[in-house]
Amino acid sequence: MPIPRTFIIPLIVACALFMEQMDSTVISTSLPALALDMNVDPISLKLALTSYLVSLAVFIPISGWMADRFGSLTIFRAAICVFMLGSILCGASSTLPQFVAARFLQGIGGAMMVPVGRLVILRSVEKVNLVKALSYLTIPALFGPVLGPPLGGFITTYFHWRWIFFINIPISILGLYLATRFIPDLKAEQVARLDIVGFILSALGCSLLMMGLATSGRHLVSGDISLACVVAGVLFLCAYVWHARRATAPLIDLALLKIPTLRAGVFGGSLYRVGIGAIPFLLPLMLQLGFGYTPFHSGLLTCASAAGAMFMKTIAARFLRRYGFRRVLLVNGALGVLGLWALATFTPQMPYLLMLIILLVGGCFRSLQFTSLNAISYADVDKVRLSQATSMASVAQQLSIGMGVVLAGFALQMSNEIQGHATLVAQDFWPAFLVVGAVSALALLMLRQLPPNAGAEMAGQQENKPA
């Protein structure tokens with residue numbers, strides 16, 4: 001019996017997403033060991049995280065065009081190879097510049113891997129099965145956040161941090177084999193010429209903006225340099241907007257934002273991710289610096305959120321079929337914000353089981369929201385413009401997550417200074433959680449603009465309507 005495309009293709013793409021998610025959650029627990037081996041200050045290793053985000057922001061916009069031009073399978077396999085090479089170089093690095101360069105190379109592979117993989121799913125699966133396919137995509141990928149924190153602490157403590165990157169090698173080889181066997185090499189019938197000017201403007205804008213935001217307040221560079229990067233990045237992005245309105249085939253077609261469902265998914269999703277994207281930054285710091293947990297202990301607790309998210313992915317399609325996108329996004333989004341604010345109630349004296357339950361339930365809400373946002377973004381986009389829409393949504397996700405970390409850092413620093421603590425303590429964290437939760441709540445204002453029947457075909461609600 002042949003394996004249905006709705007299942008096997010998302011599973012293959014999930015191998016790539018698994019590696020990305022694993023890397024992003026594992027490395028934070030290993031920074032002290034990395035700093036010790038490379039004889040550098042642990043704060044300076046934040047540059048390695050920044051270089052990965054910059055690489056994503058630069059190369060995601062051309063991933064769709066490359067898939068259209070050279071074939072989705074070709075680019076997907078090349079991206080896995082680049083990511084695997086970057087992982088090997090990360091594991092072999094002995095100095096900070098080598099490690100930063102290897103992380104940048106990893107980002108190039110990641111920038112191509114996940115958006116192109118998502119594009120393969122969007123073009124290979126019927127719209128009525130799309131929500132189910134996207135759920136299959138994220139179930140295996142969620143094992144990355146589940147396994148990442150405790151695995152990173154375990155490997156660093158009992159083996160060596162280099163093995164964190166070497167474990168990507170067998171996963172990459174498996175992904176290459178499955179992709180070659182099952183994924184079709186889809187190409188667009190007509191491919192416009194690459195918008196070189198648009199690529200340069202968007203690359204400089206995204207990279208400078210992300211670099212400026214990521215380095216501000218983290219003592220990697222001076223405040224003047226960070227501010228200059230932010231200002232220059234904003235100017236380049238404004239120049240891109242001016243250019244895109246006049247170009248016949250812009251790199252990212254901003255006219256797509258006229259589609260109500262895509263606009264809600266991009267802007268509403270970005271606001272929501274700003275708050276939620278701060279959790280992986282704030283929560284481990286609070287548990288380790290504020291509560292005195294070990295990295296392995298805190299990792300075991302934080303993975304509960306991902307476990308809840310993984311469970312919700314299995315039933316997300318049922319909620320959307322019954323209640324529709326708009327109601328799910330508004331009600332579940334509000335519950336997700338409450339779950340984020342609930343993290344502000346954590347104290348060293350709170351029972352471990354209660355914290356575990358709050359993280360588990362909150363993970364369920366956030367998972368349903370992300371599945372719904374990812375799906376509604378493409379509900380009314382035709383196949384010709386799917387690659388453009390995918391690139392736009394992916395860039396917005398990376399920028400919003402980065403901004404979430406920056407906002408959380410500023411809120412945490414301000415809380416620490418206002419309360420007059422010499423070092424970070426448990427009491428410094430609750431205001432930061434309230435601030436980032438308030439930003440996520442703003443997404444509800446954008447999502448209210450969706451019509452009641454938004455994404456009805458994708459949710460499978462039309463099947464229940466009388467002829």
Side-chain angles (χ1 to χ4, degrees), residues 118 121-122 127-139 142 256-279 305 308-342 361-381 389-390 392-394 396-397 399-401 403-404 436-465:
R118 188 181 293 118
I121 296 173
L122 293 170
K127 280 192 175 182
V128 70
N129 294 321
L130 197 54
V131 172
K132 183 185 295 184
L134 290 173
S135 295
Y136 287 146
L137 164 66
T138 48
I139 289 174
L142 283 169
L256 285 169
L257 293 175
K258 296 178 181 178
I259 303 174
T261 49
L262 178 61
R263 184 170 63 248
V266 170
F267 290 119
S270 295
L271 285 171
Y272 198 80
R273 285 184 176 88
V274 166
I276 304 304
I279 294 178
S305 179
M310 186 167 57
F311 166 75
M312 178 55 71
K313 293 297 181 183
T314 63
I315 58 175
R318 300 179 187 177
F319 278 94
L320 291 172
R321 187 179 302 112
R322 180 168 183 177
Y323 300 108
F325 276 99
R326 186 178 187 274
R327 187 180 301 179
V328 168
L329 285 169
L330 290 176
V331 175
N332 182 76
L335 293 173
V337 172
L338 292 177
L340 176 53
W341 279 334
V361 175
C364 291
F365 294 141
R366 292 189 288 273
S367 173
L368 179 57
Q369 194 74 358
F370 287 149
T371 296
S372 304
L373 286 168
N374 288 337
I376 194 63
S377 298
Y378 310 110
D380 300 318
V381 180
T390 303
M392 178 186 293
S394 298
Q397 288 180 21
L399 290 175
S400 61
I401 291 172
M403 290 178 182
V436 296
V439 176
S440 284
L442 295 176
L444 302 179
L445 300 177
M446 176 65 65
L447 298 173
R448 283 186 61 190
Q449 301 176 15
L450 285 170
N453 63 341
E457 178 185 357
M458 184 177 288
Q461 291 186 311
Q462 291 185 347
E463 298 174 358
N464 302 323
K465 291 184 178 181

State the CG-CG distance between Leu368 and Leu320, to the nearest 0.5 angstrom.
-> 6.0 Å

In this structure, CE of Met312 is separated from CD of Gln369 (nearest 0.5 Å) by 11.0 Å

Under the side chain to side chain donor-acceptor pair (under 3.5 Å) rule, collect the residues that match up with Arg366, sequence neighbours excluded.
-> Ser305

Shortest non-hydrogen contact from Leu450 to Ala264?
->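 Between these two residues, the closest heavy atoms are CD2-CB, 3.6 Å.
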
Has Phe319 got more than 12 heavy atoms of other residues, nucleotides or ligands less than 6.0 Å from its CZ?
-> no

Are any of the side-chain heavy atoms of [X] and [Y] separated by less than 4.5 Å?
X: Val436; Y: Val439; result: no
X: Leu447; Y: Leu373; result: yes
X: Asn332; Y: Ser372; result: no

Donor-acceptor contact below 3.5 Å, side chain Ser367 vs main chain Gly363 | no

Could you give the side-chain donor-acceptor pairs of residues 267-278 under 3.5 Å, partners two or more places apart or in another chain?
unit_1: Ser270; atom_1: OG; unit_2: Val266; atom_2: O; d: 2.5
unit_1: Arg273; atom_1: NH2; unit_2: Asn374; atom_2: OD1; d: 2.9

